[in-house]
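To start, the structure itself, in C-alpha cells.
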2 protein chains.
Amino acid sequence: MSSPIKLAELGGVIGDPARAVMLCALLDGRGHSATELSLAAGVMPQTASWHLAKLADGQLITAEKRGRNRYFRLASPLVAQALEAVMAIAIAGSRPSRSHVLSEREQALRDARTCYDHFAGRLGVALTEAFIARKLIVLSNDGGLVTPRGARLLSGFGINLSVMQQSKRPFCRSCLDWSEQKPHLAGAIAAAFATRCFDLGWVRRLPHTRAVAITPAGARNFKEQFGATVYLV
Amino acid sequence: MSSPIKLAELGGVIGDPARAVMLCALLDGRGHSATELSLAAGVMPQTASWHLAKLADGQLITAEKRGRNRYFRLASPLVAQALEAVMAIAIAGSRPSRSHVLSEREQALRDARTCYDHFAGRLGVALTEAFIARKLIVLSNDGGLVTPRGARLLSGFGINLSVMQQSKRPFCRSCLDWSEQKPHLAGAIAAAFATRCFDLGWVRRLPHTRAVAITPAGARNFKEQFGATVYLV
DNA sequence: GAAACAGTTCGATCGAAATCGAAGGATGTT
DNA sequence: AACATCCTTCGATTTCGATCGAACTGTTTC
C-alpha cells in the first residue's frame, strides 16, 4: 500500500553486498543458475539460495526451472532501470577519481559490453552517435524518438517496430554510460538491435563477463550500414 | 569503485522504514528540518539525527544550516529519479488491488500534488495531456521533446528555456503517475512550470502534505491559456 | 544571563538479518 | 538401482543496525 514502506522493503532487498552482486550480474539480461550466482557473490550455495528467495519475494527476479537447474533473471526492465538509476547516483557522486591503471578486464568492459540487454561502452556510444548523425533517432537528455527515416531503416534491418510499440516497455530512451560519460541508446529498440547483431554474428558474447567481442564482420557492417566506427581490440 | 558495492551501500541506506519515509517526504523538493522529519518518520530526534547523518553520508541528501535549524533536501534530481524508479517496481508489482475507501488525505493527493518539484495527480496529468493536444510537447513512453511551438509559448509564459538546456538535469521527460496510471510531465521544464504557477498564485502549497490546492485563478488560466480542464475540489 | 529550543554525540540494549553446517528433495547420469 | 549434481530447508551462531535515555553544544528569545 504505502509507498515509503515499499521503498524501504525494496531498498532493504537491494542493500546487501551479496544480493547487489547478484543483481549486477543479472544486469546482462540473461538467466543465471543459482550456483553461478553464488560463485559471483562469494557465498555458499545455501546462503545464495536464501538471498535468491529474498530477491524473488521482493519481485526483483523471477525463477524458471529447467532440468535440475533453476535460472534466475530480472523480473522486468523496470528493475534494470531502477538499478541503473541508483547506481547513477553513486557514479555522479564519485569524482573523476585518481588515475588508476585499468585491468584488462575493465578495459574490455569499457570497449564493448551489454547493459541489461543492449550495447554500452564505446560500442554503444559509437552506434548511438552514428544513429543520431544519420537522423535515425532523436535523443534528448532524458528520452528519445525514432524518426520516420530511422523506422524505415531499422525495419529493413529486420526489427519489427510495430510489435514493440504496443508493449509497455520504454521504446527508445537514453541511458548514461558510466564508462564513456555520454548517453547511449536504451529501451526496447536498443534491445532488439543488439539481439539482431548477435544473430548476425556481428557481436559475440564472452563467457563470465558482460564484455562482448565485435567480430570483423560486425565492425565492417557497423561502418557500412550505419556509419559507426568501432575499433577491434 | 566497484558498482555492486555502491549499489549495496545505497540500497542499505534506502532500505530502512524511517529513512524511506524521510526520503518520500523530501520528494516534494523542499528543505525540511530535522524535527519535521523525525515526526514524519515517527522516531525520536536522536534517532532521526542518526538516520539523517547516514543519508547525508550516502550522498542522498544535503544539509544547510539556517539559524538553529538544519534544513535537509535531496542531493540532486538524480536521487529523486532513482527513488521514483524503485517505487515504480512496487507499483507495477501491486495489482489494481481491492477497492478500498480513500481517505480525504489520499483523495487530495490524487487530485493535485507535487512530485519532487513538478505537478502530479489529476492536475499534472491534465496539464500534460493539454500540452500534448496543443502540440507544445511530444511525449513518448520514455522521454519527451519540446516543440518549437511549445518553446515559444513557454518562453512567453516566463520560463527561460535556454538556461535549462545547458544543465545536466533531464529537460523534458515522462514520469508515470501512480494515482492516474498515466504519464505526466517531469524534468526541468515541468519544475520551472510549477514554480511559475506558484509565483503566479495559480496553485498554493498546503502544510504538512504534498497535496496542493488549485486557486480559482489557476483553474481559469489553465483552461484559457493551456486548454487544460482542472476541477476545483 | 536564564530559559527554551534545535540538534548532535555517547552508551547500553534489543532484535533482526546473514552466514554456514547438516540434512533432505528432486533431477539427471551411469 | 546407485550415484552425482543442483538446490532448498532447518537450526545454531554471530554480527550489525536501530532505538532511546542521558548528557552536551549551539542558537534564539525574554
Side-chain angles (χ1 to χ4, degrees), chain A residues 2 4-26 30-73 75 207-208, chain B residues 4-26 30-73 207-208:
Chain A
S2 177
I5 295 175
K6 286 286 182 188
L7 181 62
E9 283 174 6
L10 285 175
V13 173
I14 298 171
D16 172 88
R19 288 194 292 267
V21 170
M22 290 174 171
L23 288 170
C24 284
L26 291 167
R30 287 186 289 178
H32 294 258
S33 70
T35 306
E36 220 173 326
L37 293 169
S38 83
L39 252 53
V43 293
M44 291 283 109
Q46 317 93 289
T47 309
S49 179
W50 182 79
H51 283 302
L52 289 166
K54 232 172 142 64
L55 286 168
D57 188 55
Q59 310 265 305
L60 292 180
I61 62 173
T62 56
E64 185 193 346
K65 191 161 187 171
R66 264 217 314 270
R68 59 184 165 186
N69 293 317
R70 274 183 85 195
Y71 289 93
F72 298 88
R73 57 178 66 244
H208 312 305
Chain B
I5 295 176
K6 286 286 181 189
L7 181 63
E9 284 175 5
L10 285 176
V13 173
I14 298 171
D16 171 87
R19 287 194 292 268
V21 171
M22 291 175 171
L23 288 170
C24 284
L26 291 167
R30 286 188 289 177
H32 294 257
S33 70
T35 306
E36 220 173 327
L37 293 169
S38 83
L39 252 53
V43 293
M44 291 283 108
Q46 318 91 290
T47 309
S49 181
W50 183 79
H51 282 303
L52 289 166
K54 233 172 142 61
L55 286 168
D57 187 55
Q59 311 266 303
L60 291 179
I61 63 173
T62 57
E64 185 193 346
K65 190 161 188 172
R66 265 217 313 269
R68 60 182 165 186
N69 294 318
R70 273 182 86 196
Y71 288 93
F72 298 88
R73 57 178 65 243
H208 313 305

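In what follows, every chain begins at residue 1, and chains take the letters A, B, ... in the order their sequences are listed.
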* Asked: Looking at five pairs on each end of the helix from C/dG1-D/dC30 to C/dT30-D/dA1, what is the angle between the two axes, given to 10 degrees?
  -> 30°

* Asked: Of all the nucleotides listed (C/dA18, D/dA18, C/dC20), which has the minimum atom distance to the side chain of A/M44?
  -> C/dC20

* To do: Check whether any side-chain N or O of B/R70 sits under 4.0 Å from OP1 or OP2 of D/dG26, and answer yes or no.
  => no

* 5'-most by nearest nucleotide on DNA chain C - A/R66 or A/G15 -> A/G15

* Min side-chain heavy-atom separation B/I14-B/L60 under 4.5 Å -> yes

* Does B/H51 make a side-chain N or O approach to OP1 or OP2 of D/dT19 shorter than 4.0 Å? -> yes

* From the options D/dT8, C/dT8, C/dT27, select the nucleotide whose nearest atom is closest to the side chain of A/A34. => D/dT8

* Using atom CG of A/D16 as one end and atom P of C/dA17 as the other, report the distance to the nearest whole Å. => 11 Å

* Asked: Once you round it to whole Å, what is the distance between C1' of D/dC10 and CD of A/Q46?
  -> 11 Å

* Would you indicate, yes or no, if C/dT27 has its OP1 or OP2 atom less than 4.0 angstrom from a side-chain nitrogen or oxygen of A/N69? => no

* To do: Output the single nucleotide from C/dA6, D/dA18, C/dT19 whose closest atom is nearest the side chain of A/A18.
  => C/dT19

* Asked: If you check every side-chain atom of A/S33, which of D/dC7, C/dA17, D/dA18 has the closest atom?
  -> D/dC7

* Of all residues at least two apart in sequence or in a different chain, which pass the side-chain hydrogen bond (donor to acceptor under 3.5 Å, both in side chains) check with B/H51? -> B/R19

* Asked: So does B/S49 get a side-chain nitrogen or oxygen closer than 4.0 Å to the phosphate oxygens (OP1/OP2) of C/dT8?
  -> yes

* Asked: Are OP1 or OP2 of D/dA18 and a side-chain N or O of B/T47 less than 4.0 angstrom apart?
  -> no

* C/dA18, D/dC20, D/dG17: which one has an atom nearest the side-chain heavy atoms of B/V43? -> D/dC20

* **Under 4.0 angstrom between B/T35 side-chain N/O and C/dA6 OP1 or OP2** => no

